[in-house]
Amino acid sequence: MKILVTGGLGFIGSHTVVELQNEGFEVVIIDDLSNSTIDVLDGIIAITNKKPEFHQIDLKDKSKVSNFFKSNKIDGVIHFAASKAVGESVNEPLKYYENNITTLIYLLQEMQKNKMNNLIFSSSCTVYGQADELPITEKAPIKKAESPYGNTKQMGEEIIEDTTKVSKLNAIALRYFNPIGGHDSVLIGELPIGVPQNLIPYVTQTAAGIRECLSVFGDDYDTPDGTAVRDYIHVVDLAKAHIIAMKRLLSKNNKSQMEFFNIGTGKGSSVLDVIKAFEEANNQKLNYKIEPRRVGDITVAYADTTLANNELGWQSELTLQDSLRSAWLWQQKQ
Ligand code: UFG
């Protein structure tokens, strides 16, 4: 079985390619290298002893996408390729709508034209905003998006769902909580460009002395220690969810043409919990200070993963400490 992975050299994409190849799938990657480097391919080859096919294509280039589909027989598509910086999306909304929505439409058009009907879509818990009830189930209402990035995930799900209603497309949207960590081999990991916006790369760069001090954004939230709570999921656990979801589509075990699953650990950790776990897991002292809240942040988000556990037979296996250990090893290697 041949699987197309768009954005296959990115953070979650590369870990998913490794798991796919370990499971015996043939993989073809499309990536434009806008937020990754070709070295990631070497990491994948070193881990799996297998070279995935690679095409440097920008999905906005409609004719190249069309040519690719004409000359490749694909059994399933896992679509990661997208821009993902929340803050940047506020300043450059059109870039986000073009990169994340136009490309999805081209991809769906080509899949339809070439009768390719299995799609896994990279979605996000951001579609829930600040949910009224915790843990968050898939039934929680979709609230107005806080950012153009979040909106592209909501719209992406809707575009796919509308397409399933008028075609043979079968799709699964995986709504990720906060993916962190890296592969055990330390050959692939997260590669933020510039000053990290996300917590874990900022933590590891602070421990490495690249950043002077970690800012904890807000300690006056309505949470046990006042700092915001998230569900941090190891990227390898997350990658495995994609393989299970793809097998579900390939074996036609899906219950409807469009399904949604939360992918998280089910456990909430505050920013201070993360700092403490990092210090304990790696025997490091972290320099941090409390700063005002970051605009646009929600207070608490953690997943109810019952549906993924029962329907997909998937559950997270690695702990927050495992994630923070692998993130630190990766940072040291950089
Ligand atoms: N945080 C800090 N200091 C930092 C960075 C982050 O205290 O330097 C805090 C944030 O305020 C937040 C928590 O750490 O409370 C996690 O922040 P991240 O930026 O790591 O993650 P977010 O939850 O804000 O964002 C993630 C993904 C997005 C997704 C969003 C959905 O990065 O892609 O979840 O809520 F849209």
Side-chain angles (χ1 to χ4, degrees), residues 7 10-13 35 80 82-90 96 99-100 122-131 134-136 140 142-157 173-181 190 192-207 210-235 238 262-265 267-278 286-303 320 323-324 327:
F11 174 42
I12 307 171
N35 195 20
F80 292 106
S83 297
K84 61 167 187 177
V86 178
E88 183 188 54
S89 79
V90 176
Y96 274 67
N99 281 357
N100 296 6
S122 186
S123 191
S124 166
C125 68
T126 195
V127 301
Y128 300 117
Q130 179 56 70
L134 293 157
I136 303 172
I142 303 299
K143 298 218 175 133
K144 185 172 165 42
E146 296 273 352
S147 68
Y149 162 76
N151 205 19
T152 65
K153 292 299 169 189
Q154 293 187 358
M155 290 167 71
E157 288 189 353
L174 297 180
R175 293 173 173 162
Y176 317 148
F177 282 66
N178 289 48
I180 61 166
E190 191 171 7
I193 291 172
V195 181
Q197 304 299 310
N198 295 116
L199 179 62
I200 306 311
Y202 211 104
V203 163
T204 59
Q205 290 197 9
T206 305
I210 301 168
R211 311 282 157 208
E212 212 174 295
C213 183
L214 168 74
S215 298
V216 174
F217 297 135
D219 68 347
D220 56 352
Y221 284 105
D222 184 14
T223 60
D225 66 21
T227 65
V229 170
R230 298 286 185 276
D231 184 339
Y232 296 93
I233 166 125
H234 196 298
V235 66
L238 174 58
N262 285 343
I263 304 294
T265 64
K267 187 174 174 296
S269 305
S270 72
V271 178
L272 292 179
D273 288 337
V274 170
I275 293 173
K276 198 160 157 254
F278 180 84
L286 206 62
N287 197 13
Y288 71 90
K289 59 176 186 296
I290 307 294
E291 293 280 354
R293 293 181 180 193
R294 184 170 71 176
V295 177
D297 271 348
I298 55 168
T299 304
V300 190
Y302 55 93
L320 179 61
S323 299
L324 294 170

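We count ligands from 1, going down the list as the structure has it; atoms in each ligand are counted the same way.
- Near Val216, with a cut-off below 4.0 Å to any heavy atom, the atoms of ligand 1 are 7 (O).
- Within ligand 1, counting atoms from 1 as listed, the ones closer than 4.0 Å to a heavy atom of Ala228 are 15 (O).
- What you find for Ser124 and Lys153 is that their closest heavy atoms are CB-CG, 4.1 Å.
- The proximity of Tyr176 to ligand 1, defined as any non-hydrogen pair under 4.0 Å, does not occur for either the backbone or the side chain.
- The distance from ligand 1 to the heavy atoms of Ser215 drops below 4.0 Å at these ligand atoms: 2 (C), 3 (N), 4 (C), 7 (O), 8 (O).
- Taking both residues in full, the closest heavy atoms of Val274 and Leu324 are given as O-CD1, 3.7 Å, listed atom of the first, atom of the second, then distance.
- Taking every heavy atom of Ser124 and a limit of under 4.0 angstrom, the matching atoms of ligand 1 come to 29 (C), 36 (F).
- Residue, atom and distance of the protein heavy atom nearest to atom 22 (P) of ligand 1 are Asn178 ND2, 3.6 Å.
- Proximity of Gly150 to ligand 1 is not established, as no heavy-atom distance is less than 4.0 Å.
- Regarding atom 20 (O) of ligand 1, its nearest protein heavy-atom neighbour is Leu199 N, 2.8 Å.
- Comparing Lys84, Arg230, Gln130, Arg294 against atom 17 (O) of ligand 1, the shortest heavy-atom distance belongs to Arg294.
- Close approach of ligand 1 to Thr126 (heavy-atom distance below 4.0 Å) involves ligand atoms 31 (C), 36 (F).
- When non-hydrogen atoms are compared, ligand 1 lies under 4.0 Å from the side chain of Val271 (C-beta onward) but not from its backbone.
- Without hydrogens or angle criteria, Gln130 side chain to Lys143 main chain gives no donor-acceptor distance under 3.5 Å.
- Atom OG1 of Thr152 is separated from atom CD of Glu157 by 10.5 Å, given to the nearest 0.5 angstrom.
- The closest donor-acceptor contact from the side chain of Asn198 to the backbone of Ile200 lies at 3.5 Å or more, if one exists at all.
- Side chain of Asn287 to backbone of Thr206: no donor-acceptor contact under 3.5 angstrom is found.
- Between the side chain of Tyr232 and the main chain of Thr265, no donor-acceptor pair closer than 3.5 Å is present.
- Between the Asp219 side chain and the Ile290 main chain, no donor and acceptor come within less than 3.5 Å of each other.
- The two atoms that bring Ser269 and Leu320 nearest to each other are OG-CD2, 3.7 Å, heavy atoms only.
- Using a 3.5 Å distance cut-off with no hydrogens or angles, the side chains of Asn262 and Tyr128 do pair a donor with an acceptor.
- Assignment of Ala301 to the shell around ligand 1 is not supported, since no heavy atom sits closer than 4.0 Å.
- The closest donor-acceptor contact from the side chain of Glu88 to the backbone of Val86 lies at 3.5 Å or more, if one exists at all.
- In this structure, Ala145 and Gln154 approach most closely via the heavy-atom pair N-NE2, 3.6 Å.
- Contact annotation for Gln197 and ligand 1: only backbone heavy atoms (N, CA, C, O) come within less than 4.0 Å of the ligand.
- Each of the atoms 8 (O) of ligand 1 lies under 4.0 Å from some heavy atom of Leu214.
- For Tyr232, the closest heavy-atom approach to ligand 1 falls below 4.0 Å.
- At a heavy-atom cutoff of 4.0 Å, ligand 1 is contacted by both the backbone and the side chain of Asn198.
- Of all the heavy atoms of Ser147, none lies under 4.0 Å from any atom of ligand 1, so neither backbone nor side chain is involved.
- Relative to atom 10 (C) of ligand 1, the option among Val300, Thr299, Asp297 with the closest non-hydrogen atom is Asp297.
- Note that CD1 of Ile263 is 7.0 Å distant from CG of Leu238, once rounded to the nearest 0.5 Å.
- Contact annotation: for Tyr149 versus ligand 1, heavy atoms closer than 4.0 Å belong to the side chain alone.
- Closest to atom 8 (O) of ligand 1 by heavy atom, among Tyr221, Phe217, Tyr288, is Phe217.
- Residue contacts with ligand 1 for Ile200 are absent, since no atom lies close enough (heavy atoms, distance under 4.0 Å).
- Residue, atom and distance of the protein heavy atom nearest to atom 28 (C) of ligand 1 are Val86 CG2, 4.0 Å.
- Contacts between Val274 and ligand 1 below 4.0 angstrom, taking non-hydrogen atoms only, are absent altogether.
- Of all heavy-atom pairs between Tyr176 and Ser122, the closest is OH-OG, 2.9 Å.
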